[in-house]
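See below for the structure under consideration.
Everything numeric in this text was worked out from a predicted model, so none of it was measured. For the single chain, residues carry numbers from 1 onward in sequence order.
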Amino acid sequence: MFYLVPIMLEKVGIIVIVAYVLSQMNSFRQLFQHEHKTSEKVMLLLLFGAFGVISNYTGIEIHHNIINKAEWNYELDSESALANTRVMGVVIGGLLGGPMVGIGAGMVAGVHRYTLGGFTAFSCAISTILAGTVAGYLGKVRKQKKKKITSTFAVTVGMALETVQMLIILVTAKPFEQAWQLVQIIGLPMIFVNGFGTLLFMFMIQSIKRDHERTRANQTNHAFYIAEQTLPFFREGLNTNSCKEISKIMLKLTDADAVAITDHQKILSHVGAASDHHIPLAKPETLLTKRVLEYRKILVARTKAEISCIHSNCPLEAAIVLPLKVKNNMVGTLKMYYTDPEKLNQVQQQLAEGLANLFSTQLELAEAERQTKLLKDAEIKALQAQIHPHFLFNSINTISVLCRTDADKARKLLLELSSFFRGNLQGARQMLIPLEKDLENVKAYISLEQTRFPNKYQIDYLIEPNLKKVLIPPFMLQPLVENAIHYGFPGSKNRGIIQIRIFSENSRLIIIVKDNGIGIPNDKIDVLGKKIVSSKKGNGTAIFNINERLKGIYGSQASLVIKSQVGNGTNITISIPSENKGVFDQDANSVYSG
């Protein structure tokens with residue numbers, strides 16, 4: 001009995017070596033990576049059935065209790081039997097592939113064993129089919145319960161079914177005495193060696209699955225990295241500049257020899273091989289691209305003829321062309337080209353498909369962001385238009401009076417009024433303006449107010465040097481100063497003092513407007529800036545408008561804080577990023593700059 005163990009281990013080694021060689025083939029590895037279709041189950045059935053056939057041919061012949069070390073078994077004597085690893089392959093096939101694979105592999109291996117002959121031919125055939133059937137249903141039940149087929153489970157099932165085979169031999173093989181002697185010789189070696197072989201086989205299959213999961217994780221990370229690198233350019237939309245940068249990034253981070261992007265009608269970028277005739281702003285040169293634009297689905301070409309470039313000397317010999325969609329509307333194509341068809345493997349194809357989906361999503365988000373920005377811009381401009389109508393009427397009345405008493409002063413105020421409203425009109429067209437321009441608006445406003453109420457208000461400016469060119473949203477300061485004048489000093493006989501302090505701190509621009517007025521009750525502070533507050537002198541849009549614009553441009557990066565105490569004045573602090581122009585950097589260019 002013990003002499004049989006090393007010989008059987010050698011036979012197990014043959015099966016494991018064959019399995020290892022097969023495991024280096026992608027087609028073999030893919031059989032263990034997902035739920036199986038019927039065609040794949042047939043492949044598994046034939047594969048594990050073939051393992052059983054190999055086990056039959058390489059089995060160890062036992063003749064009258066004597067071990068025959070023949071290398072290959074084609075036919076057995078009527079009084080001979082086989083010690084082999086047949087059940088191992090059938091059991092593993094059943095556990096992994098379910099009843100169809102288990103029964104099928106058992107039939108292939110069992111029928112083949114029956115054709116070899118020997119006094120245990122029928123017993124072994126029946127036990128092999130039974131082992132495949134039981135293993136198949138156990139595998140199915142295990143999957144239905146969402147449990148993995150572990151190595152321990154597979155080894156336990158394999159050894160148990162090998163034991164059942166020994167019992168079937170004792171029950172069905174004749175004569176019983178010879179069957180009993182055979183089981184005494186081969187029973188324990190076959191049970192334990194087949195269990196060991198099952199363990200090795202399961203380790204190999206688990207390694208294949210881990211490799212697949214690791215590859216998928218790496219692909220996902222790689223795709224997200226590419227998407228992260230290209231996101232800033234997709235925010236610009238599909239144009240020649242953004243698409244060129246996207247193509248450069250993809251060429252660098254993938255195995256493609258050329259990357260191109262098109263819209264409906266023309267090439268927007270082509271980077272890499274064949275750049276001499278695939279030229280931006282020209283019509284697509286390949287029939288493959290035209291078909292993708294027409295049929296709106298992914299197409300793969302693995303020959304030069306399938307690409308169908310109109311240039312006969314084009315070096316591109318393989319390609320995958322993918323549609324780019326926004327809300328299911330075709331907006332263009334992403335193309336990855338290869339000079340060697342072998343480079344366009346399954347990994348590259350899956351990566352390209354993943355990137356196309358990510359890019360389409362990025363384009364949708366960019367479009368949604370653009371629409372949100374346009375809507376916010378329209379809302380802001382509508383609010384800006386409501387800020388100053390009463391001031392205009394008061395200023396015109398003041399100037400009309402001065403025309404009779406002080407023509408020079410009236411002329412000066414008309415220029416101030418003109419400057420003020422010119423700034424308003426220009427600011428209404430911009431999301432950001434230089435700080436100095438907003439200060440000019442404040443000074444023009446104060447000049448007109450002080451003419452109406454001489455010596456009633458004092459304005460102190462504490463502006464940190466080198467901040468005049470810093471970009472801020474328009475109409476930040478003047479509405480706060482206006483609020484201080486109209487609501488901070490009603491009927492006050494004391495001189496009103498308003499302090500404007502602006503400085504930089506920790507990469508942030510801090511704007512503080514402080515007055516010594518009557519202050520604001522606590523119940524009003526809680527709602528100021530969050531909604532429009534009704535008042536006797538207006539509709540309370542000023543601080544609400546400022547806060548809305550801060551949120552629309554900077555999001556959570558900006559803040560507006562109001563501190564006030566009745567009888568002790570009000571302090572309003574605005575904090576915005578001084579290095580970041582806001583969510584919409586493209587809007588930072590102003591007619592004031594340059």
Of all heavy-atom pairs linking Ala274 and Cys314, the shortest is CB-SG, 4.0 Å
Is it the case that the side chains of Thr289 and Thr333 hold a donor-acceptor pair, with the cut-off being a distance below 3.5 Å and no angle test?
no
Would you find more than 12 non-hydrogen atoms of other residues, nucleotides or ligands less than 6.0 Å from Phe503 atom CZ?
yes
For Thr570 and Lys514, does a side-chain donor sit closer than 3.5 Å to a side-chain acceptor?
no
Salt bridge flag under 4.0 Å for residues Asp408 and Arg411:
yes
Counting only N and O atoms by type, is there a donor-acceptor contact under 3.5 Å from the side chain of Asp263 to the main-chain atoms of Val331?
no
Look only at the side chain of Gln362 and the backbone of Ala227, and say whether a donor-acceptor pair between them is shorter than 3.5 Å.
yes
Between Ser269 and Cys243, is there a donor-acceptor pair closer than 3.5 Å when you use the side chain of the first and the backbone of the second?
yes
Under the 3.5 angstrom rule, does the side chain of Asp515 hit a backbone N or O of Ala484 as a donor-acceptor pair?
no
Quick check against the 3.5 Å criterion: does Asp340 have a side-chain atom that pairs as donor or acceptor with the backbone of Lys343?
no
Check whether more than 12 heavy atoms from other residues, nucleotides or ligands sit under 6.0 Å from atom OH of Tyr461, and answer yes or no.
yes
Asn571 and Ile512: CA distance, side-chain angles, deciding distance, side-chain contact (heavy atoms from CB on, under 4.5 Å) verdict:
CA-CA 7 Å; Asn571 188 321; Ile512 300 175; 3.2 Å; yes
NZ (Lys244) with more than 12 external heavy atoms under 6.0 Å:
no
Is there a donor-acceptor pair closer than 3.5 Å between any side-chain N or O of Ser360 and the backbone N or O of Lys325?
yes
Using atom types as modelled and distance alone, determine if a side-chain donor or acceptor of His277 lies under 3.5 Å from a backbone N or O of Ile310.
no
Go through the steps to decide whether Lys437 and Glu440 satisfy the test salt bridge (Lys or Arg N to Asp or Glu O under 4.0 Å), and finish with yes or no.
CA-CA 5 Å; Lys437 293 300 177 182; Glu440 287 177 11; 3.6 Å; yes
Check against side-chain contact (heavy atoms from CB on, under 4.5 Å), Ile502 and Leu462:
CA-CA 6 Å; Ile502 303 174; Leu462 301 175; over 6 Å; no
For the residue pair Ile226 and Met250, what are the closest heavy atoms and their distance?
CG2-CG, 4.1 Å
For Arg508, is there any backbone N or O sitting under 3.5 Å from a side-chain donor or acceptor partner on Asn506?
no
Derivation and outcome, side-chain contact (heavy atoms from CB on, under 4.5 Å), residues Leu467 and Ser504:
CA-CA 8 Å; Leu467 292 180; Ser504 180; 4.2 Å; yes
Begin with the C-alpha distance, continue with both residues' side-chain angles, and end with the deciding distance and a verdict on side-chain contact (heavy atoms from CB on, under 4.5 Å) for Thr286 and Tyr337.
CA-CA 11 Å; Thr286 66; Tyr337 290 109; 3.7 Å; yes
When you measure from the side chain of Arg302 to the backbone N and O of Ala319, does any donor-acceptor pair fall under 3.5 Å?
no
Distance col, row Lys290:NZ vs Tyr295:OH, nearest 0.5 angstrom, shows 13.0 Å
Is the ring pair His278/His270 parallel, tilted or perpendicular, if the boundaries are 30 and 60 degrees?
parallel
